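Just so you know, these numbers come straight off a predicted model, no measurement behind them. Here is how names work: the chains are called A, B, and so on, in the same order as the sequence lines, proteins then strands, and each is numbered from 1.
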Protein chains: 2
Amino acid sequence: MSKPETPIQKKNRSAIMNAGLEVFSKFGFRGSTLDQIALESGLSKPNILYYFKSKEVIYTTLLGELLTDWLKPVRDIDPDGDPIAEILGYAAHKMEMSQNYPRQSRLYANEIIQGAPRISNVLTSELHEVVDKFAQLIKSWSKKGLIRDVDPHHLIFSIWAMTQHYADFDFQVRAVLGHDDPFPKGEKHVEDMLRQMLTV
Amino acid sequence: MSKPETPIQKKNRSAIMNAGLEVFSKFGFRGSTLDQIALESGLSKPNILYYFKSKEVIYTTLLGELLTDWLKPVRDIDPDGDPIAEILGYAAHKMEMSQNYPRQSRLYANEIIQGAPRISNVLTSELHEVVDKFAQLIKSWSKKGLIRDVDPHHLIFSIWAMTQHYADFDFQVRAVLGHDDPFPKGEKHVEDMLRQMLTV
DNA sequence: GCGTGATTTTACCAGTTGGTCAAAACATGG
DNA sequence: CCATGTTTTGACCAACTGGTAAAATCACGC
């Protein structure tokens, strides 16, 4: 039985989550400090520790929320839908997440690059499982001749790579393009690429 | 006139570079400490600072070397070669770099994710320029009908994204696949994908 | 095997780090 | 407006941070 949140708790907890996301996504766990999060959230350091008992709890709470949002759209793929539309729809959705929630993408990227020390169990269990199911579905689609014969796992990696690239490497993308908004063209390109890859 | 290096200098400098690469690629600049680099290199902290005058110099030296290796294969693309072979060759080369030098890839990824504070000038000048030239070449190839009509910049981003994914997200890739070596199949998949995308 | 410069170590420092604690300030229902 | 629980603060700590200075040790040509 957890007590109901007071309005103050709700406001401050979310301010801390937001500040934590801002800081951790930029510097990773080790590179971030409670002082930065304190500054960013407008709360004092001891006050932050009143709401979350350690730096690590803030971090893992953020990662937990993130993984839920991450996995959901994979689970939502409709096995009875049109294969190409389903896969393209998933890619488009990931692309929107990169555009609208780049900090989450960077937080996750940081964690994985650093060897995923705090979520490797989720990767080998939940993620593995959910991806395998998706991969089997793709396999069955190509067996039925509905899409080209592709390696399902590596197709999924390609989708992740291309879509997350726009969030994680945003700085490089914009530097190379000269500060246009890369997303409209990027989305079209990824769609084109996947369609070419999948169309029989 | 810089003095010639003694064997000891050569050995220790390279030990520090190697240790720095190991540590910085895992934790980024802010998250890494001289103590970690000292431990990893087997030298004492003051001894490290005898060879490099600060933590930042180690880091920027590594980044500098990296960018040179990074840019070279783009410059080496032959405008008179077979377009598809040239692009696929470049992608294959990047893939090998991901396989053989994953730490460099992660170091670079960390730097970009963190907003590229120490190399943004290189990105907007040298990288921008070199990529624009490559993009123009791609454009001319598709104008001549030698490859499909694609957005050159975003094609390049896709190549970078897919190839570097295998280094930067190695942990996730292996977790999902269950510890097979992902590279042989990954390389084939990327090649297939690009060929589909480019063949008229 | 000695002298000189190259290398390494020891001891240290000031600033920052994550975190604690008790006291103070606040909110709010009665 | 008071009592009680909630929230916030200020003072503090031990460990760690990047970096310094000088002394000690080492390597090597003579």
Side-chain angles (χ1 to χ4, degrees), chain A residues 1-64 107 110-111 114 117-118, chain B residues 1-64 107 110-111 114 117-118:
Chain A
M1 284 302 136
S2 56
K3 288 175 186 172
E5 267 189 336
T6 70
I8 292 179
Q9 280 168 0
K10 202 175 167 185
K11 183 175 122 266
N12 286 347
R13 262 189 238 277
S14 106
I16 294 168
M17 286 284 96
N18 190 56
L21 182 57
E22 185 68 27
V23 174
F24 284 130
S25 68
K26 264 207 198 93
F27 302 110
F29 180 73
R30 286 226 37 190
S32 303
T33 72
L34 283 175
D35 287 316
Q36 288 174 290
I37 298 172
L39 190 72
E40 184 76 30
S41 67
L43 299 174
S44 70
K45 189 166 61 172
N47 204 9
I48 284 178
L49 292 165
Y50 171 70
Y51 289 103
F52 294 86
K53 81 165 193 296
S54 73
K55 176 185 168 185
E56 181 149 3
V57 169
I58 303 176
Y59 185 76
T60 50
T61 304
L62 279 167
L63 267 184
L107 176 72
N110 259 313
E111 173 69 12
Q114 298 179 12
R118 283 156 240 272
Chain B
M1 283 305 132
S2 58
K3 289 175 186 172
E5 266 189 336
T6 70
I8 294 180
Q9 280 169 3
K10 202 174 166 185
K11 182 175 121 265
N12 285 348
R13 261 189 239 279
S14 105
I16 294 168
M17 286 286 95
N18 189 57
L21 181 58
E22 185 69 28
V23 174
F24 284 131
S25 68
K26 262 206 199 93
F27 302 111
F29 180 73
R30 286 224 36 192
S32 302
T33 71
L34 284 175
D35 286 317
Q36 289 174 290
I37 297 172
L39 190 72
E40 184 75 31
S41 66
L43 300 173
S44 70
K45 187 166 61 170
N47 204 9
I48 285 177
L49 292 165
Y50 171 71
Y51 289 102
F52 294 86
K53 81 165 194 294
S54 71
K55 176 184 169 186
E56 182 149 3
V57 170
I58 303 176
Y59 185 74
T60 51
T61 303
L62 279 168
L63 267 184
L107 176 72
N110 259 313
E111 173 69 12
Q114 298 180 11
R118 282 155 238 271

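Contact annotation: Ser44(B) side-chain N/O to dT9(C) OP1/OP2 distance is under 4.0 Å. At dT8(D), none of the side-chain N or O atoms of Tyr50(A) fall inside 4.0 Å of OP1 or OP2 (strictly under the cut-off). At dA6(C), none of the side-chain N or O atoms of Tyr51(B) fall inside 4.0 Å of OP1 or OP2 (strictly under the cut-off). Look at Asn12(B) and you won't find any side-chain N or O under 4.0 angstrom from OP1 or OP2 of dA6(C).
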Check your understanding: With the sugar-phosphate defined as primed atoms, P, OP1 and OP2, and the base as all remaining atoms, what B/S/- string results for nucleotides 24-30 of chain C, 5' to 3', for protein heavy atoms under 4.0 Å?
Key -> -------
Exercise for review: Using a 4.0 Å cut-off on protein heavy atoms (strictly under), produce a 5'-to-3' string for nucleotides 12-21 of chain D with B for base contact, S for backbone-only sugar-phosphate contact, and - for none.
Suggested key: -----SBBBB
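Between Leu34(A) and Ile58(A), some side-chain heavy-atom pair lies under the 4.5 Å cut-off. Inter-residue side-chain proximity for Asn110(B) and Asn110(A) is flagged as met; some heavy-atom pair is nearer than 4.5 Å. Put simply, the side chain of Tyr59(A) does not reach to within 4.5 Å of the side chain of Leu62(A), judged on heavy atoms. Between Arg118(B) and Glu56(B) there is a side-chain heavy-atom pair separated by less than 4.5 Å.
Distance Lys10(A) NZ to dT6(D) C1': 18 Å, rounded to the nearest Å. Here the C1' atom of nucleotide dT9(C) and the CD1 atom of Ile48(B) are 13 Å apart, to the nearest Å. Atom CG in Leu43(B) sits roughly 12 Å away from atom P in dT7(C) (whole-Å rounding). To the nearest angstrom, P of dT7(C) lies 13 Å from CZ of Phe52(B). Counting to the nearest Å, the P atom of dA22(D) and the CG atom of Asn47(B) are 18 Å from each other.
Nearest heavy atoms, Ser25(A) versus Leu107(A): CB-N, 3.8 Å.
Atom-to-atom distance recorded for Leu39(B):CG and Glu22(B):CD is 11.5 Å, nearest 0.5 angstrom. Annotation: the span from Tyr51(B) atom OH to Ile16(B) atom CD1 amounts to 7.0 Å, rounded to 0.5 Å. Rounded to the nearest 0.5 angstrom, Ile37(B) CD1 and Ile48(B) CD1 are separated by 6.0 Å.
In this pair, Phe29(B) and Phe24(B) present their aromatic rings parallel. The plane angle is below 30°, not in the 30 to 60° band.
The side chain of Gln9(B) approaches dA6(C) more closely than any other nucleotide in the set dA6(C), dT8(C), dT8(D).
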